[in-house]
Amino acid sequence: MPAEPLIRVEKLTKHYLNSAGLGPGRGERVKAVDGVSFFIHRGETYGLVGESGCGKSTLGRTMLKLEQPTGGRVFFDGRDIFALEKEALRRLRREMQIILQDPYSSLNPRMTAGEAVGEALEVHGLARGREKRRRTEEMLAICGLPAGIYHRYPHELSAGQCQRVVIARALILNPSFIVADEPIAMLDLSVQAQIVNLLEQLRERFGLTCLFISHDLGMVRHIADRIGVMYRGGLVEEAPQEELFRRTLHPYTRALISAVPSLEPGKPKRRIVLKGEPPDPAESWEGCSFHPRCPLAGERCREEKPLLREVSPGHLVACHLAEGGDKP
Ligand SMILES: Nc1ncnc2c1ncn2[C@@H]1O[C@H](COP(=O)(O)OP(=O)(O)O)[C@@H](O)[C@H]1O
Ligand code: SF4
Ligand SMILES: [Mg+2]
């Protein structure tokens, strides 16, 4: 029997009440995450991709119960996270850490790097005094920071250094699961690669299981073992990284892949430009969530919602034309 995955998400749903503006969407339900199921094996990195606003951050936050779920369940190492008592959830939080996009807003401006990382140890009752100092310095070094950083405040650090401090603070708790939500999106291009390399090294060293969230499929390709493509609150395709690129089944995934610069120089790609705007999640719709922008949409697509199903081992797709694994 295959081992139980570290993370199992079942029909996770998060709806918001749209309170923004005075327009027609006000008071409507925003289906930010609408019945998402997937799993992540121990030591695996799962890449979650999709356009801005499709629900990636909401999914990551709700999985960790940083947002109150509307429905569904999440199992961590077989334990139902949403059913845990407050104290048990607090203890489990140490195991599940999140790294966000903006490192400056993730850090207290009045705390030095050393204080920020050491505080995490103290809050969880793991170390104090000299031991805390020793472990903090060690973790800052592991995250590639020079010793002098210990007494520096966030405003004295570059964005890349700040993100290393945030990563050190998450990892000092010895978590088994990390959600990295667009951790490099606010960094300069040259720094982005350094942070991705650091995350890869740390994942090997500490045997981490990761959910890596990004709008950039080209980047996720380098770091993820399996990839889930999200559109309008739901997964539309999921496959091992190589398979997703080699045998793309969903028209939306095709469009995303066509925008990734080719790895083979001299082999230009034809970019698929999607018609229409990215969807407004407050709008309700029938049929396939992608049909207003899909170049292949037919009548059935407007009426019947395609379910996510496995068309070959480990390859799931939600498209009527992909039935039985045929290319749409
Ligand atoms: N706190 C909130 N209240 C109302 N709507 C929200 C809230 N957070 C997110 N949303 C909406 O949910 C949708 C998904 O947002 P988000 O998860 O941030 O997407 P992504 O991370 O993929 O860019 C968006 O339409 C967003 O406006
Ligand atoms: S179900 Fe229809 S509209 Fe949806 S992705 Fe497939 S072909 Fe396009
Ligand atoms: Mg986001």
Side-chain angles (χ1 to χ4, degrees), residues 12-21 23 25-34 36 47-64 66-70 98-102 105-106 179-186 211-217 219-220 228-237 248-257 272 274-309 311 316-328:
L12 187 63
T13 299
K14 174 68 188 176
H15 294 177
Y16 293 109
L17 214 53
N18 183 12
S19 55
R26 193 184 158 89
E28 297 270 322
R29 266 167 183 276
V30 177
K31 294 176 179 174
V33 174
D34 206 22
V36 170
L48 185 67
V49 292
E51 286 163 300
S52 172
C54 72
K56 305 180 296 298
S57 295
T58 305
L59 177 60
R61 292 176 54 77
T62 311
M63 272 172 72
L64 303 184
L66 297 170
E67 299 269 355
Q68 194 59 33
T70 307
I98 189 162
I99 296 164
L100 302 172
Q101 191 175 119
D102 180 359
S105 70
S106 301
V179 174
D181 187 357
E182 311 244 18
I184 61 166
M186 286 191 50
L211 176 65
F212 196 96
I213 298 176
S214 175
H215 63 277
D216 180 353
L217 182 54
M219 208 275 299
V220 167
V229 179
M230 197 168 177
Y231 190 81
R232 219 174 169 172
L235 285 177
V236 295
E237 186 160 9
T248 316
L249 294 176
H250 199 282
Y252 178 60
T253 314
R254 270 175 212 285
L256 288 183
I257 287 179
I272 304 168
L274 293 173
K275 59 184 177 181
E277 293 294 308
D280 174 2
E283 225 174 86
S284 57
W285 72 93
E286 296 203 6
C288 175
S289 61
F290 188 52
H291 86 255
R293 296 169 84 198
C294 181
L296 304 170
E299 194 143 338
R300 185 180 176 198
C301 306
R302 280 182 280 277
E303 286 162 6
E304 191 187 326
K305 186 179 164 71
L307 299 176
L308 187 71
R309 62 207 178 287
V311 288
L316 286 74
V317 63
C319 171
H320 293 311
L321 295 188
E323 242 162 356
D326 293 339
K327 291 204 169 185

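Reckoned from all heavy atoms, side chains included, excluding hydrogens, waters and symmetry mates. Remember, it's 1-based here, ligands and their atoms both numbered in the order they're listed. None of the values given here were measured: they were computed from a predicted structure.
- Within the coordination shell of the Mg ion (ligand 3), defined by N, O or S atoms under 2.8 Å, Q101 is absent.
- Residues H291 and R302 bring no donor and acceptor atom of their side chains to less than 3.5 Å of each other.
- Ligand 1 has no N or O atom lying under 3.5 Å from any N or O atom of A32, backbone or side chain.
- Interface atoms of ligand 2 facing A297, defined by a heavy-atom separation under 4.0 Å, are 3 (S).
- The shortest separation from a heavy atom of G50 to ligand 1 is not under 4.0 Å, leaving the residue out of contact.
- Ion pairing between E51 and R293 holds under the 4.0 Å rule for side-chain N and carboxylate O.
- By heavy-atom distance, the residue among V30, V49, T58 lying nearest atom 16 (P) of ligand 1 is T58.
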Next on the checklist: Quick one, R232 with Y252, criterion side chain to side chain donor-acceptor pair (under 3.5 Å). Give me CA distance, side-chain angles, the key distance, then yes/no.
Outcome noted: CA-CA 11 Å; R232 219 174 169 172; Y252 178 60; over 6 Å; no

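- By the 6.0 Å contact criterion, CD on E286 is open, its count of non-hydrogen atoms from other residues, nucleotides or ligands being 12 or less.
- Considering backbone and side-chain atoms together, G53 places an N or O closer than 3.5 Å to an N or O of ligand 1.
- With rounding to the nearest 0.5 Å, the separation of SG in C301 from CG in L321 is 5.5 Å.
- Atom numbering of ligand 1 starts at 1 in the shown order; those under 4.0 Å from a heavy atom of S52 are 23 (O).
- Checked against the 6.0 Å centroid criterion, the rings of F290 and H250 qualify as a close aromatic pair.
- Contacts of P251 with ligand 2, taken as heavy-atom pairs under 4.0 Å, involve the side chain alone.
- Looking at V49 and H215, their side chains never come closer than 4.5 Å, going by heavy atoms from C-beta outward.
- The atoms of ligand 2 that sit less than 4.0 Å from any heavy atom of L321 are 7 (S).
- Two residues are said to be in side-chain contact when any heavy atoms from C-beta on lie closer than 4.5 Å; L316 and L308 meet this criterion.
- Metal site remark for atom 8 (Fe) of ligand 2: C294 contributes an N, O or S atom at a distance under 2.8 Å.
- Checking H250 against atom 4 (Fe) of ligand 2, every N/O/S atom stays at or beyond the 2.8 Å cut-off.
- Within ligand 2, counting atoms from 1 as listed, the ones closer than 4.0 Å to a heavy atom of C288 are 1 (S), 3 (S), 4 (Fe), 5 (S).
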Item to check | CA sep, side-chain torsions, deciding dist, call: D34, T13, side chain to side chain donor-acceptor pair (under 3.5 Å) | outcome: CA-CA 5 Å; D34 206 22; T13 299; 4.7 Å; no

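- Taking every heavy atom of C301 and a limit of under 4.0 angstrom, the matching atoms of ligand 2 come to 1 (S), 2 (Fe), 3 (S), 7 (S).
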